[in-house]
Structures are given as structure tokens and as C-alpha cells.
Novice: 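One structure, pasted below without further comment.
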Amino acid sequence: MAYIEPAPLKDKENPFEAMMSRFKVASQILGLEEEIYNVLKNPARQVIVSLPVTMDDGTIKVFEGYRVIHSTILGPSKGGIRFDMAVNLDEVKALAAWMTWKCAVVDIPYGGAKGGVACNPREMSAGEIERLMRAYTQAMADVFGPDQDIPAPDMGTGPREMAWLMDQYSRIQGMTTHAVVTGKPLVMGGSLGRTEATGRGVMVTAMAAMEKLKINPYKATCAVQGFGNVGSWAARLLHERGLIVQAVSDLSGAYYNEKGIEIDKAVQYRDNNKGSLEGFAGAEKISNEDLLTLPVDLLVPAATEDVINSTNAPNIKAKLIVEGANGPTSSKADNVINEKGIMVVPDILANAGGVTVSYFEWVQNRLGYKWTADRVNRRSDRIMKDAFNNVYRVSQEYKVPMRIAAYMVAIDKVSKTYKFRGGY
Ligand SMILES: NC(=O)C1=CN([C@@H]2O[C@H](COP(=O)(O)OP(=O)(O)OC[C@H]3O[C@@H](n4cnc5c(N)ncnc54)[C@H](OP(=O)(O)O)[C@@H]3O)[C@@H](O)[C@H]2O)C=CC1
Ligand SMILES: O=C(O)CCC(=O)C(=O)O
């Protein structure tokens with residue numbers, strides 16, 4: 001069947017519709033039965049909770065929290081928790097579905113879920129964030145579980161928040177339950193390699209794509225948008241592989257140096273500057289928008305959704321885009337990028353290193369055993385390379401972009417499993 005361009009969407013893209021437009025195209029090419037299409041397009045469960053939290057000044061503020069389980073066909077659902085002002089149900093629904101496809105692409109036995117709370121952690125004290133995370137866990141206690149639904153970090157959360165979640169859940173259960181959450185601190189059942197895992201997967205798939213495109217990493221330039229967990233680790237590891245990282249960014253703006261940013265210095269600066277790159281010296285300050293259109297070989301969007309859209313896509317000059325973030329490219333931009341011949345390693349493949357090592361963390365927790373960093377990295381690198389090669393093969397065979405090929409791999413696996421499970 002010929003490749004069908006995703007239908008362009010109007011105005012600013014709703015992330016769930018952006019996910020659906022690619023899902024539709026891949027389903028059509030696969031000839032997916034309508035009944036199964038309907039099952040997979042609807043999230044299995046959507047939970048919305050109100051979370052009253054006592055703030056430091058004694059007032060009570062009510063936050064809205066979400067957990068969407070998109071699918072449990074492949075196994076217990078898995079996916080991070082986002083603390084961000086922009087969190088809303090449609091975003092969480094899209095992120096949950098992306099988790100289903102992502103776990104299927106890297107062939108790990110999980111379904112997809114995502115959670116989030118609309119809040120601004122930058123303006124909250126550690127105590128307020130802790131009370132919010134404990135309230136969220138309490139409200140989701142019947143949703144979460146090591147064989148049911150296993151959360152992890154996402155934007156605005158990290159090991160500290162996962163520790164509070166694990167502790168609160170364990171108090172409710174009356175027993176220490178490490179395997180209920182991944183991305184925990186190392187001392188409480190976290191896995192070696194999880195912190196850097198998503199950025200590492202971005203690096204591994206970027207190297208694989210550069211090989212296909214015959215780009216020499218020692219001569220290649222790169223720009224990375226977002227300097228949190230994913231962006232800073234991707235930048236550091238790409239730099240270690242010989243690339244010149246010419247620009248990095250966060251919400252404060254982008255920082256450009258033609259000769260290359262010193263990534264370790266930027267990380268150190270951010271860590272000593274309340275998490276922000278604001279004021280970082282040794283680089284020219286440009287806008288996040290300018291970063292996206294720099295004439296680099298590799299562009300890594302590792303911040304948030306919809307940053308590459310129909311407005312700026314015609315000006316993108318990179319030869320390769322490797323998506324560290326979930327949903328950074330709108331479906332309208334897909335068409336423009338494809339016409340320009342830019343290769344895109346899509347989010348559901350490129351950033352799957354995180355959930356892969358989360359899976360290893362869960363396995364180690366259940367075994368009561370700890371793997372070495374070397375074992376974690378070797379196994380996750382192999383999974384990421386195999387997944388890249390599989391998606392690349394499908395994209396060549398069906399003459400479709402890598403994004404559609406990744407959806408095809410995922411939908412094929414989930415739909416076949418659904419049919420084998422039967423009972424409907
Ligand atoms: N953590 C993980 O393991 C995984 C994360 N992802 C995805 O990767 C992306 C980043 O997540 P993660 O690194 O964990 O999040 P973090 O919260 O650690 O970092 C986010 C970074 O993006 C910056 N940022 C946010 N919005 C914008 C914007 N509009 N323009 C430019 N920069 C922006 C932030 O800046 P500032 O610090 O100034 O706020 C920060 O540097 C998300 O899409 C997430 O879903 C995907 C797979 C796994
Ligand atoms: O590590 C995980 O389980 C999930 C990470 C995540 O939320 C993501 O891949 O988007």
C-alpha cells in the first residue's frame with residue numbers, strides 16, 4: 001500500500017490528535033481491522049483527581065492530577081509523571097499512547113500510561129512538592145502497582161519525587177514495594193544507568209542514523225534543545241562520541257558557540273544556578289527558535305511538544321532530527337520535513353532508552369539483585385540498536401518515513417498480541 005501523508009491539522013496541534021494522525025496512517029498501511037483500530041485509539045482508563053495540598057504559608061491549594069492508562073495489552077502499563085503548568089488531559093492521553101507504541105517498538109513487556117499534575121514545580125518549595133507527590137500517590141494507590149501500573153520520572157520530576165512515591169505507596173501497602181516505580185535513587189532500588197538512559201538511547205540511535213546517512217560523527221555538528229535530564233545527557237554523550245555540540249538551551253534561551261559548547265561546564269553551571277542556564281558564559285545567547293534552524297548536521301529536540309511546526313519546519317537545515325522529547329514535531333511539520341529529505345528518528349524509538357532501563361530496574365527489583373552499569377548499558381544499547389534496525393528495515397521495505405515505520409512496528413505487535421489474547 002502506498003504511503004499516505006498524515007492529514008495536516010489546523011492551528012496549534014492538540015497532542016492527542018497529532019498522535020492519532022500518525023496512528024491512522026500506519027493503521028491504514030497495515031490494513032488494521034476497524035474493530036482493533038477502535039480498541040487501540042481509546043485509552044483503557046482515564047483517572048482525574050483533585051489534590052488539596054497545604055502550602056508553606058498555611059493556605060490550601062487544589063491541584064488537578066491525571067493518570068491515563070492507554071493499554072495493558074502487552075503487560076502492566078508503564079510511563080512517567082509530569083509536573084508542569086501545561087499538563088492537561090489531552091496531553092496526558094497522547095503521552096500515554098506514545099508509551100504503548102514505544103514499549104512495543106523496543107519489545108519490552110509493558111503497556112502504556114502517563115501521569116501528570118498541572119503545577120509549576122519551579123515556584124514550589126521541596127516540602128510543597130513532596131506533599132503534592134504524596135497526595136497524588138495516595139489518590140492513585142489503586143491504579144499503581146508492580147503488576148498493574150508502574151510510574152517513572154518525566155518533565156519536572158526525577159529520583160527525589162520517585163522516592164516519595166515509593167515511600168508513600170509502601171506505607172499504604174504496609175510493606176516496602178520497590179518495583180512500584182522506576183527512576184528511583186540508587187540507594188533505594190534505582191538502577192545504575194537509569195539517569196542517563198534516555199540521553200544514551202538518543203545517542204545510540206543518532207549514531208546508527210548517522211552511519212546510514214554517512215555522516216562522520218567526528219566532523220558533525222549538533223544542536224540540542226532542552227537541557228534537563230534528556231537533553232543534557234544526550235549532549236554530553238554525543239560530545240563524547242566526537243560531535244561538536246554548537247548549541248544547547250532551556251527556557252531561559254539558547255546558547256551558541258560555533259566551536260562547541262563545553263557540556264560539562266554547562267551542566268556544572270546549571271546545577272549551581274538553580275537549574276537554569278541563564279547567564280551561561282562562553283556562548284552567544286540566541287533564541288530557542290533560532291536554535292532549531294541552525295545549519296547543523298544533527299538536531300535533538302529534547303524539551304517539549306510541538307516545537308517543530310509548520311511555521312519553522314521550512315527553515316530547518318539539519319540533515320537528521322533525533323527526537324529526545326515526546327511529540328516535538330507536529331504532524332503538519334512531518335510533511336515539510338519529509339519533503340526536505342531530512343531523516344527523523346521518531347520519539348517512540350529515539351527516547352525509548354529511558355523506559356528500557358526502567359524495565360531493567362523493575363526486573364532487578366523483582367529479583368532482589370543489582371546489575372552492573374556495564375551490563376545495563378550493553379543490554380540497553382543492544383535493544384536500541386536492534387529497534388533502530390528493525391524500524392529502518394520497515395521504512396525501506398514500505399518506503400515510508402521512519403516515524404510511520406515505527407508506528408507500524410508498534411501497532412503490528414500490539415494488535416497481534418490483542419488477537420492472541422482474545423476473549424473479546
Ligand atoms: N526523563 C526521561 O527519562 C524521559 C523524558 N522524555 C521526554 O523528554 C522531554 C524532556 O524531559 P526531561 O529531560 O525528563 O525533562 P526535564 O524537566 O529534566 O527538562 C526539560 C528541559 O526542557 C526545557 N524546556 C521546557 N520547555 C521548553 C521550551 N518550550 N523551550 C525550550 N526548552 C524548554 C527545560 O528548561 P527549564 O529547566 O528552564 O525549565 C529543561 O531544560 C519530555 O518531552 C519528556 O517527556 C522521554 C523519555 C524519557
Ligand atoms: O521510564 C519509564 O518508565 C517511562 C519514561 C517516560 O515517561 C517516557 O518514555 O516518556
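Side chains are part of it too, since the values below use all heavy atoms of this structure and drop only hydrogens, waters and symmetry mates. Just follow the structure's listing: the first ligand is 1, and inside any ligand the first atom is 1.
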Novice: Does any N or O of ligand 1 fall below 3.5 Å from an N or O anywhere on L251, backbone included?
Specialist: yes
Novice: Does G156 have a non-hydrogen atom less than 4.0 Å from ligand 1?
Specialist: yes
Novice: Under a 3.5 Å threshold, yes or no: a donor from one side chain and an acceptor from the other, between Q225 and N288?
Specialist: yes
Novice: Taking distance alone, with no angle check, do S249 and ligand 1 share an N/O pair under 3.5 Å?
Specialist: no
Novice: Is K319 reaching over with its side chain to a backbone N or O of I342, donor-acceptor style, under 3.5 angstrom?
Specialist: no
Novice: Kindly identify the option in L95, D84, I348, V230 whose heavy atom sits closest to atom 13 (O) of ligand 1.
Specialist: V230
Novice: With under 30° as parallel and over 60° as perpendicular, where do the rings of Y359 and Y110 fit, or are they tilted in between?
Specialist: perpendicular
Novice: When you check the side-chain N and O atoms of T198 and N351, is any donor under 3.5 Å from an acceptor?
Specialist: no
Novice: Would you indicate which of V224, D154, T356 comes nearest to atom 45 (O) of ligand 1 when only heavy atoms are counted?
Specialist: D154
Novice: If we ignore angles and hydrogens, is there a donor and acceptor under 3.5 Å between the side chains of R393 and N390?
Specialist: yes
Novice: Tell me, which protein residue and heavy-atom name are nearest atom 3 (O) of ligand 2, and how many Å apart are they?
Specialist: K78 NZ, 2.7 Å
Novice: Ignoring hydrogens, just give me the one of V307, L292, T198 whose non-hydrogen atom is nearest atom 3 (O) of ligand 1.
Specialist: T198
Novice: Does one side chain, of R270 or S232, offer a donor that lies under 3.5 Å from an acceptor on the other?
Specialist: yes
Novice: Any non-hydrogen atom of R82 lying under 4.0 Å from ligand 1?
Specialist: yes
Novice: Taking both backbone and side-chain atoms of F227, is any N or O found less than 3.5 Å from an N or O belonging to ligand 1?
Specialist: yes
Novice: Say you draw a straight line from CD1 of I321 to CG of D347; how long is it, rounded to the nearest 0.5 Å?
Specialist: 12.0 Å
Novice: Between P153 and ligand 1, is there a nitrogen or oxygen pair with a distance under 3.5 Å?
Specialist: no
Novice: Show the atoms of ligand 2 that are less than 4.0 angstrom away from any heavy atom in S358.
Specialist: 1 (O), 2 (C), 3 (O)
Novice: Side chains of E258 and Y256: is there a donor and an acceptor less than 3.5 Å apart?
Specialist: no
Novice: Ignoring angles and geometry beyond distance, decide whether R122 reaches within less than 3.5 Å of ligand 1 through its nitrogen or oxygen atoms.
Specialist: yes
Novice: Do A302 and ligand 1 have an N or O pair less than 3.5 Å apart?
Specialist: no
Novice: Could you tell me if any non-hydrogen atom of G183 lies under 4.0 Å from any atom of ligand 2?
Specialist: no
Novice: Quick one: nearest non-hydrogen protein atom to atom 29 (N) of ligand 1, plus distance?
Specialist: T304 CG2, 3.7 Å
Novice: In sequence, state the C-alpha distance, the side-chain angles, and the governing distance for Y136 and F63, and then conclude on ring pair (Phe, Tyr, Trp, His ring centres under 6.0 Å).
Specialist: CA-CA 9 Å; Y136 179 77; F63 296 87; over 10 Å; no
Novice: So, 4.0 Å and heavy atoms of K114: is ligand 2 close enough to count as a contact?
Specialist: yes
Novice: Yes or no: does R194 have any heavy atom under 4.0 Å from an atom of ligand 1?
Specialist: yes
Novice: Ignoring angles and geometry beyond distance, decide whether N351 reaches within less than 3.5 Å of ligand 1 through its nitrogen or oxygen atoms.
Specialist: no
Novice: At what distance is the nearest protein heavy atom to atom 9 (O) of ligand 2, and which residue and atom is it?
Specialist: K102 NZ, 2.7 Å
Novice: Within the structure, does G80 bring an N/O atom to less than 3.5 angstrom of an N/O atom in ligand 2?
Specialist: yes
Novice: Is it the case that over 12 heavy atoms from other parts of the model lie below 6.0 angstrom from the CD atom of E240?
Specialist: yes
